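Down below is the structure, laid out as structure tokens.
Residue numbers start from 1 in every chain, and the chains themselves are labelled A, B, ... in the order their sequence lines are given, proteins ahead of strands. Model, not experiment: these values are computed from the prediction.
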Amino acid sequence: MTVRVRFAPSPTGYLHIGGARTALFNWLFARNQKGVFILRIEDTDEARSTEESTAQILRSMEWLGMNWEEGPFLQSDHKAKHQQYASQLVEMGQAYYCYCSPEELETRRKEMMAKKLPPKYNGQCRSLSAEQRKIFEQEGRKPVIRFRMPDSGVTKINDLVKGPIQFDNSLLDDFVILKSSGVPVYNFAVVCDDHDMNITHVIRGDDHISNTPRQIMLYKAFGWELPEFAHIPMILGPDGARLSKRHGAAALDEYIQQGYLPEAIMNYLVLLGWATEDSQQIFSLTEMIEKFSLDRCAKNAAIFDPEKLKWLNGEYIRHKLRPEELVQLGIKFLAAKKLIDESTDLEYISQVISLERERIRTIGELPELVDFFFKEKIELADDKARKTLAKPNVKEILAKVETELSHTPDFSVAGLEQVIRQLCETNSYKTGEVFHPVRVAVSGRTTGPGLFEMLAVLGRERVVARIKQTVENI
RNA sequence: GGCGCCAUCGUCUAAUUGGUUAGGACGCUGCCCUCUCAAGGCAGAGCUUACGGGUUCGAGUCCCGUUGGCGCCA
């Protein structure tokens with residue numbers, strides 16, 4: 001039998017780190033099993049669902065490279081089907097109309113709470129006669145449909161990640177499956193859709209464990225075959241609370257904007273709650289798919305660590321990305337910061353970006369590091385830079401370097417290194433005495449790429465002009 | 001409040017399914033390289049496996065309890 005799994009987000013906001021991880025595990029399982037991955041948008045909550053969110057989620061899925069065979073389906077399109085299923089359960093005697101008003105339910109709940117009893121529905125409308133229903137209808141009451149839960153017995157789940165779990169049926173009440181507005185309730189819509197789509201494995205966050213017994217009872221009431229369940233642990237923020245907006249960047253979009261790579265994010269996400277026996281850290285997508293299995297998933301929640309994500313992203317930039325790919329991505333970020341435009345020399349841009357390959361961990365770090373390559377006037381970045389220029393002899397040293405570089409024939413990395421080292425020797429300067437001020441003079445800062453690489457890329461014209469300018473300002 | 005899930009270095013995790021000194025990765029510290037910052041290389045600190053019992057020749061691993069965190073239902 002073909003494996004069929006689905007990712008079913010609610011379109012109430014951007015795709016979340018947690019959601020992306022759930023999607024990833026479903027996707028990996030489908031790919032590993034040569035199964036089908038389905039996307040379903042759970043937009044039953046009409047008040048909070050938006051089309052923008054749906055579009056945003058789809059875009060994020062595509063950006064990450066998680067493709068789907070079927071969908072995206074909208075749960076709201078199946079409303080009529082859900083209503084039909086609800087009536088079917090009523091006909092079968094597995095569900096019934098309930099006319100209790102929200103106020104009545106609230107009063108009763110409070111009474112139960114006061115007596116320290118669990119606040120569950122008392123089954124008042126379980127067996128209404130036709131006449132009683134007629135009276136309620138005439139009063140203008142709109143009924144909900146409630147599912148008739150068994151009063152005894154246990155419901156067992158054999159969870160693929162968590163192992164066996166048991167629930168006592170008597171603790172569950174007759175829950176609403178269809179609201180008076182005709183809108184199906186989450187637990188009901190999920191079961192109907194999962195059945196209709198022939199889902200074989202329900203892989204979702206473990207915050208849904210408690211919903212599972214209700215859903216299983218629905219499958220049984222219909223006489224439908226049960227899917228397998230796999231509840232994967234949640235992702236938490238640094239404070240141990242469920243990851244949310246409060247924790248800063250929890251939306252995938254923010255990582256896209258900061259210049260993270262999709263492969264690096266996928267790699268980081270798979271490491272949250274899954275590992276191979278040899279604790280391998282870096283996986284290509286193919287490797288991930290090959291090696292993934294649900295029985296190696298962790299059971300405990302994981303805290304999201306932005307530092308490790310950053311490290312992995314750096315690894316991907318340095319070792320997985322081709323130099324031209326980095327240049328392509330870098331150009332977008334530099335253009336967004338208005339450091340370059342169409343008129344900027346492409347070869348120059350490309351050389352500048354390549355210089356920083358070893359230093360950046362996200363592409364977003366690039367503009368700040370290389371802005372001096374593109375600015376006409378450079379300014380001193382900090383006190384350290386000012387101090388470097390304030391040292392004795394700096395004016396004289398820089399003047400000599402300027403004279404030398406203005407006419408030296410070979411402006412290559414090797415040529416520059418030779419010329420400048422020679423200058424140090426001739427005047428018996430320590431190398432640092434010369435290198436540091438030159439660096440500050442051309443870049444305005446004390447850190448950056450190798451000095452000669454930097455000079456070679458900048459070119460004679462810029463280098464000489466900048467040093468001259470600095471000498472004049474001292 | 002009821003029910004459920006979970007518990008190994010600060011963080012993510014591994015441990016031949018009960019058998020060496022509890023391994024790796026991020027982060028941290030130091031050293032090497034070096035014109036700086038990175039990168040890279042090497043080394044180090046860090047877990048009495050939440051706590052307490054039990055089973056066993058032997059427990060991170062199995063059982064019971066406690067505590068704590070998280071989740072679901074109101």
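Considering only side-chain N and O atoms, A:Arg242 lies under 4.0 angstrom from the phosphate OP1 or OP2 of B:rC72. Taking side-chain N and O atoms only, A:Arg296 has a distance below 4.0 Å to OP1 or OP2 of B:rA15. When the side-chain nitrogen and oxygen atoms of A:Asn300 are compared with OP1 and OP2 of B:rU8, one or more of them lie within a distance under 4.0 Å. OP1 or OP2 of B:rC35 lies within a sub-4.0 Å distance of a side-chain N or O belonging to A:Arg421. Proximity of A:Arg361 to the phosphate of B:rA39: no side-chain N or O atom is located under 4.0 Å from OP1 or OP2.
Where A:His208 and A:Arg359 meet RNA chain B, the nucleotide closest to each residue was compared, and A:Arg359 sits on the side nearer the 5' end.
In this entry B:rG71 has B:rC3 as its Watson-Crick or G-U wobble partner, both defining distances falling under 3.5 Å. Base pairing of B:rG60 is not made with any nucleotide, judged by Watson-Crick or G-U wobble geometry with both donor-acceptor distances under 3.5 Å. Of the nucleotides present, none pairs with B:rG46 by Watson-Crick or G-U wobble criteria with both distances under 3.5 Å.
In this structure, A:Leu269 atom CG and B:rU13 atom C1' are separated by 15 Å, rounded to whole Å.
With its glycosidic angle within 90° of 0, B:rU17 is assigned syn.
Within the 4.0 angstrom heavy-atom criterion, no nucleotide atom of any strand lies near A:Gly205. Residue A:Gln280 is classed as having no contact, given no heavy-atom separation below 4.0 Å to the nucleic acid. Across all strands shown, A:Leu271 has heavy atoms under 4.0 Å from sugar-phosphate atoms exclusively, and none from any base. Here A:Pro213 lies out of heavy-atom contact (under 4.0 Å) with every strand. As judged by a 4.0 angstrom heavy-atom cut-off over every strand, A:Gly432 is placed among residues making no nucleic acid contact. Nucleic acid contact for A:Glu315: sugar-phosphate only, since backbone atoms but no base atoms lie under 4.0 Å from a heavy atom of the residue. At the heavy-atom level, A:Arg318 lies under 4.0 Å from the strands shown only through sugar-phosphate atoms. Base engagement by A:Gln281 is indicated by at least one non-hydrogen atom pair under 4.0 Å involving a base atom. When heavy atoms are screened at a 4.0 angstrom cut-off, A:Ile360 is found touching no nucleic acid atom at all.
Here, B:rU67 and B:rC51 have their P atoms 16 Å apart, quoted to the whole Å. Separation of the P atoms belonging to B:rG27 and B:rG40 is 9 Å when rounded to the nearest angstrom. For the C1' atoms, the distance linking B:rG69 with B:rU29 amounts to 31 Å, nearest Å. Across the P atoms, B:rG68 and B:rG30 are found 39 Å apart, a figure rounded to whole Å. Nucleotides B:rC6 and B:rC26 are separated by 23 Å at their C1' atoms, to the nearest Å. Rounded to a whole angstrom, the distance from the P atom of B:rG10 to that of B:rC5 is 27 Å. Separation of the C1' atoms belonging to B:rG53 and B:rA59 is 13 Å when rounded to the nearest angstrom.
Salt bridge present: A:Asp194 and A:Arg40 bring a charged side-chain N and a carboxylate O closer than 4.0 Å. A salt bridge does not link A:Arg421 to A:Glu425: none of the charged side-chain nitrogens sits closer than 4.0 Å to a carboxylate oxygen. With salt bridges taken as basic N to acidic carboxylate O contacts below 4.0 Å, none links A:Lys337 and A:Asp371. Salt bridge absent: A:Asp173 and A:Arg108 never bring a charged side-chain N and a carboxylate O closer than 4.0 Å.
No more than 12 heavy atoms of other residues, nucleotides or ligands sit less than 6.0 Å from atom CZ of A:Arg48.
Neither side chain, A:Gln75 nor A:Tyr186, offers a donor N or O lying under 3.5 Å from an acceptor on the other.
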